[in-house]
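Contents: one structure, followed by commentary.
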Amino acid sequence: MRALLFTILCCAGTALAQYPERAVKIVVTIPPGGAPDIAARIIGQKMSESFGHPVVIENRPGANGNAAAQEVARAAPDGYTLILAADSLITINPHLYSKMPIDTLKDLAPVASLVANQFVLSVNPGLPVKTFQEFIDYAKKANPPLHYGSGGNGSQHQLTMELLKARAGIDLVHVPYKGGSPATTATMSGEVQAMFAGTSTAPQIKAGRLRALATSGAKRSTAFPELPTIAEFYPGFENSIWLGLFGPVGIPDEVLGKLRQEAKRTLELPEVRDKLHAAGGLEPFVTTPQEFSALIQRDYKRFGDLIKQIGIKAD
């Protein structure tokens with residue numbers, strides 16, 4: 001019996017040590033072409049080269065990511081089915097939807113943080129402000145209040161602006177659109193006066209169709225190093241978008257360790273960093289498992305509190 005048990009344990013250890021032995025699937029919650037999809041393909045390609053097995057990217061848009069998350073949560077916890085999830089899926093959706101198919105904190109296991117991006121506070125060029133402080137001063141005096149656009153109710157665009165409204169003591173009227181692109185178009189046309197845009201709007205900003213005033217990250221953006229952070233005016237203010245790799249609960253520690261090691265190695269490659277930066281200003285975001293878990297818990301609580309305070313519901 002002891003010999004049999006020893007043999008089983010040895011075989012199991014060998015199987016884990018050889019992970020992966022076949023293709024690894026990464027589910028992406030949006031159609032091809034968006035930033036999460038591009039990031040998954042850039043990172044997946046390098047991981048595939050290292051693994052010696054394909055890393056297959058499968059696009060599963062719909063239900064704001066909830067359906068894809070349910071599929072992955074119910075998959076075998078062997079490391080062969082993963083999901084590249086945005087922070088909104090993990091920390092915002094649970095507070096927006098009255099019914100969620102899974103508990104994102106209990107049914108998905110964090111594997112690794114991958115990339116981060118920050119927002120750029122942008123205004124229509126016709127607005128008579130040139131700096132962030134001028135915008136705050138103008139917004140405080142505006143009557144009727146300025147209108148701002150977002151990618152939809154509960155979007156990061158909206159939540160970031162609501163955080164700024166509370167911190168700066170300004171009143172702005174929210175106008176939700178069906179995605180960041182329509183909101184950007186509305187800001188450029190003057191339909192709304194301001195928005196928190198992604199760094200992918202760099203061409204519009206450089207062309208003068210949007211005026212950038214400040215960024216929302218903890219440090220200055222590499223895409224816009226000349227812009228101040230909002231934290232330079234309001235210490236502690238920070239809201240960045242992050243994307244992370246998650247899997248079903250129960251993935252063996254050895255497999256998690258290999259995935260984390262490979263993700264870190266890939267993100268530290270200069271060519272990967274350059275490709276991510278070219279894909280809309282994405283930045284490699286490497287954390288320890290403890291730091292990533294703490295970030296998830298922090299965002300889950302602060303967005304939950306904010307959504308409850310504002311009374312936002314999903315579209």
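Numbering starts at 1 and runs along the sequence shown.
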Is [X] salt-bridged to [Y], cutoff N-O under 4.0 Å?
| X | Y | result |
| --- | --- | --- |
| Glu262 | Lys46 | no |
| Asp137 | Lys141 | no |
| Arg22 | Asp78 | yes |
| Lys308 | Glu162 | no |

Quiz item: Among all residues two or more places apart in sequence or in another chain, which pass the ring-ring contact (aromatic ring centres under 6.0 Å, His included) test with Phe303?
Solution: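 Partners of Phe303 by the ring-ring contact (aromatic ring centres under 6.0 Å, His included) criterion come out as none, since no residue qualifies.
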Quiz item: Below 4.5 Å, heavy atoms only, C-beta onward: do Leu267 and Leu276 meet side chain to side chain?
Solution: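 Of all side-chain heavy-atom pairs linking Leu276 with Leu267, at least one is under 4.5 Å.
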Self-check item: Residues His53 and Ser48: side-chain donor-acceptor under 3.5 angstrom
Solution: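 There is no such pair between these side chains.
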Quiz prompt | Residue pair Ser216 / Asn239, side-chain donor-acceptor N/O under 3.5 Å | solution = no
Short side-chain to backbone donor-acceptor contact, [X] and [Y], under 3.5 Å:
| X | Y | result |
| --- | --- | --- |
| Thr229 | Thr215 | no |
| Gln156 | Gly151 | no |
| Thr201 | Gly198 | yes |
| Asp87 | Trp242 | yes |

Quiz item: Would you call the rings of Phe233 and Phe132 parallel, tilted or perpendicular if under 30° counts as parallel and over 60° as perpendicular?
Solution: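 Tilted: the ring planes of Phe233 and Phe132 meet at 30° to 60°.
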